[in-house]
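Any value given below was found using the heavy atoms of this structure, including those in side chains, with hydrogens, waters and symmetry copies removed.
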Amino acid sequence: VSSKMEEAASEGERMLARVWKLIAANGVAGILFGFVLVLWPDIGLTTIVAVVAVYALVRGVLSGMAAFSAPLLRSERAWLALEAVAGTAFGIALLVWNDISAKALLYVVAAWAIAVGVLMLAAAIKLPLSGGRRLLLALNGLVAGAFGAVMFIEPDAGAVAIVALIAAFTIVTGVMQVGFALELRSI
């Protein structure tokens with residue numbers, strides 16, 4: 001039984017490893033987006049909304065490309081497809097609803113972070129991954145969900161804190177995604 005589980009994990013990792021570049025690109029996009037927010041301290045709310053929308057769309061498109069270019073089983077492909085739909089939906093919503101308040105933006109990003117966190121945790125459980133890779137993906141999901149929860153718990157933080165929290169979320173989860181992608185690359 002143990003060898004069959006290891007064999008399934010190995011095969012699943014090989015299939016997922018074929019899209020490691022897209023997963024890494026997703027992480028790099030998050031890191032770059034976070035640094036844009038950090039390095040542009042006097043960014044206006046409208047610009048923040050536009051940048052978050054573009055990032056969500058980029059992440060959604062990259063997740064969609066990974067979902068449909070990886071030779072995964074339908075049930076294993078679902079977590080990437082759901083992340084693609086969530087990112088694209090949040091991006092489009094922000095582009096359409098671009099005059100939102102800072103607090104509304106915070107809630108949108110918080111909900112997105114929690115959704116991404118839940119999807120990553122589900123993927124860590126569902127995908128046939130080895131222990132270390134499963135742990136890395138689960139940790140990424142927990143971090144994303146924790147950032148979302150903190151944003152919901154502390155919604156009255158100032159604008160600088162909101163930007164810093166969004167930047168920290170994208171940088172940290174981006175670094176973790178790049179790490180996961182590099183782990184997959186080693187397969």
For the student: nearest non-hydrogen atoms of Ile23 and Ala181, plus distance = CG2-CB, 3.9 Å

Phe147 reachable from Leu139 in the ILVMFWY side-chain graph, under 4.5 Å edges = yes

Atom CD of Gln177 and atom CG of Leu136: how far apart are they, to the nearest 0.5 Å?
-> 10.0 Å

Can Trp40 be reached from Ile171 by stepping across I, L, V, M, F, W or Y side chains whose heavy atoms are under 4.5 Å apart?
-> yes

To the nearest 0.5 Å, what is the distance between CG (Leu94) and OH (Tyr55)?
-> 13.0 Å

Is Phe35 reachable from Val172 through a run of I, L, V, M, F, W or Y residues, each pair having side-chain heavy atoms under 4.5 Å apart?
-> yes

Are Val109 and Val143 joined in one hydrophobic group, where the rule is that I, L, V, M, F, W and Y side chains link up if heavy atoms are under 4.5 Å apart?
-> yes

Derivation of the side chain to side chain contact (heavy atoms under 4.5 Å, CB included) call for Thr173 and Asn140 = CA-CA 6 Å; Thr173 57; Asn140 197 343; 3.7 Å; yes

With a 4.5 Å heavy-atom cut-off, do Lys21 and Arg185 have their side chains touching?
-> no

Least distance between heavy atoms, Gly141 atom then Met120 atom | CA-CB, 3.6 Å

Between atom CG of Asn26 and atom OG of Ser63, what is the distance when rounded to the nearest 0.5 Å?
-> 4.5 Å

Please, which pairs that meet ring pair (Phe, Tyr, Trp, His ring centres under 6.0 Å) have at least one residue in residues 119-140, sequence neighbours excluded?
-> none

In terms of hydrophobic clusters joined by side-chain contacts under 4.5 Å, are Tyr107 and Ile92 together?
-> no

Going through the distances and angles, do Val58 and Phe33 end up as a side chain to side chain contact (heavy atoms under 4.5 Å, CB included)?
-> CA-CA 10 Å; Val58 166; Phe33 169 73; over 6 Å; no

Look at the aromatic rings of Trp112 and Phe169 and report parallel, tilted or perpendicular, splitting at 30° and 60°.
-> perpendicular

When rounded to the nearest 0.5 angstrom, what distance separates CG in Leu184 from CG in Leu22?
-> 11.5 Å

Rounded to the nearest 0.5 Å, how far does CZ of Phe180 lie from CG of Leu137?
-> 4.5 Å

